[in-house]
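Because the structure is predicted, anything quoted here is derived from the model rather than measured. We count residues from 1, following the sequence as given.
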Amino acid sequence: MKTVYVLLDTVEKVKGFVNLVAPLEGDMDLGSDRYIVDAKSIMGIFSLDLAKELKLTIHDAASAERLMPLLQAYIV
C-alpha cells in the first residue's frame with residue numbers, strides 16, 4: 001500500500017488523473033477529511049473538496065510502482 005497527497009484543483013487535472021488511474025488493476029481511494037471515494041470514479045472525485053489536498057491510497061503495490069512516475073504533476 002502506498003499513500004501520497006495530490007492536488008486536483010481543475011477539471012482538466014481531474015480528467016487527466018482519472019485517465020491515468022482507471023486502466024490500472026487494484027483499488028485506489030481518494031480522501032478529503034472524513035470522505036473517501038474510489039479514485040477511478042470521476043463523479044466521486046467531484047464530490048470532494050477539490051480546493052484541498054487529497055489523500056491518494058493505492059492498495060496494489062504493482063500499480064503503485066507503475067503509477068508513481070506518472071503522478072508527479074499531481075503530487076504535492
Side-chain angles (χ1 to χ4, degrees):
M1 183 165 61
K2 176 86 173 170
T3 301
V4 295
Y5 287 88
V6 296
L7 185 60
L8 304 174
D9 56 350
T10 66
V11 172
E12 290 78 23
K13 283 187 177 181
V14 173
K15 287 179 186 178
F17 177 83
V18 171
N19 287 335
L20 284 176
V21 300
L24 296 176
E25 296 288 325
D27 292 329
M28 295 174 217
D29 298 323
L30 269 177
S32 174
D33 297 324
R34 63 181 187 179
Y35 301 101
I36 298 174
V37 299
D38 183 357
K40 297 179 184 182
S41 168
I42 197 164
M43 293 301 288
I45 293 171
F46 280 123
S47 72
L48 299 174
D49 182 1
L50 299 180
K52 297 181 180 180
E53 295 177 357
L54 304 173
K55 182 179 178 181
L56 172 64
T57 305
I58 306 167
H59 298 282
D60 181 54
S63 292
E65 195 172 306
R66 282 183 279 158
L67 191 58
M68 293 318 299
L70 302 173
L71 287 179
Q72 292 307 312
Y74 305 101
I75 295 176
V76 288

What's the verdict on side-chain contact (heavy atoms from CB on, under 4.5 Å) for Leu56 and Leu71, showing C-alpha distance, side-chain angles and the deciding distance? CA-CA 11 Å; Leu56 172 64; Leu71 287 179; 3.5 Å; yes
Does the side chain of Leu50 reach to within under 4.5 Å of the side chain of Asp9, using non-hydrogen atoms? no
Flag the pair Val6 / Leu30 as yes when at least one side-chain heavy-atom distance between them is below 4.5 Å, and no otherwise. yes
For Tyr74 and Lys13, work out which heavy atoms get closest and say how close. CE2-O, 3.4 Å
Shortest non-hydrogen pair, Ser47 vs Val37, comes out as OG-CG1, 3.9 Å
Please report the shortest heavy-atom distance between Leu24 and Ser63, naming the atom on each side. CB-OG, 4.1 Å
Minimal non-hydrogen separation, Val18 against Pro23, with atom names: O-CD, 4.4 Å
Would you kindly confirm whether Val14 and Met28 end up in one hydrophobic cluster when ILVMFWY residues are joined by side chain heavy atoms under 4.5 Å apart? yes
Are the side chains of Phe17 and Ile42 in touch, meaning some heavy atoms are under 4.5 Å apart? no
Are Arg66 and Leu70 side-chain neighbours, meaning at least one heavy-atom pair lies under 4.5 Å? no
For Met1 versus Thr57, what's the shortest heavy-atom pair and its separation? SD-CG2, 3.5 Å
Tell me, do Leu67 and Lys2 make a side-chain contact under 4.5 Å, heavy atoms counted? no
To the nearest 0.5 Å, atom NZ of Lys40 lies from atom CG of Asn19 at 13.0 Å
With rounding to the nearest 0.5 angstrom, report the CD1 to CG distance, Ile75 to Leu7. 12.0 Å
In terms of hydrophobic clusters joined by side-chain contacts under 4.5 Å, are Leu48 and Tyr5 together? no
Is it true that Asp38 and Ser41 share a donor-acceptor pair across their side chains at a distance under 3.5 Å? no
Kindly say whether Tyr35 contributes a backbone atom to a donor-acceptor pair with the side chain of Asp33 at under 3.5 angstrom? no
Where is the tightest heavy-atom contact between Ser32 and Leu54, given as atom of each residue plus distance? CB-CD2, 3.6 Å
Does atom CD of Glu25 have more than 12 heavy-atom neighbours from other groups under 6.0 Å away? no
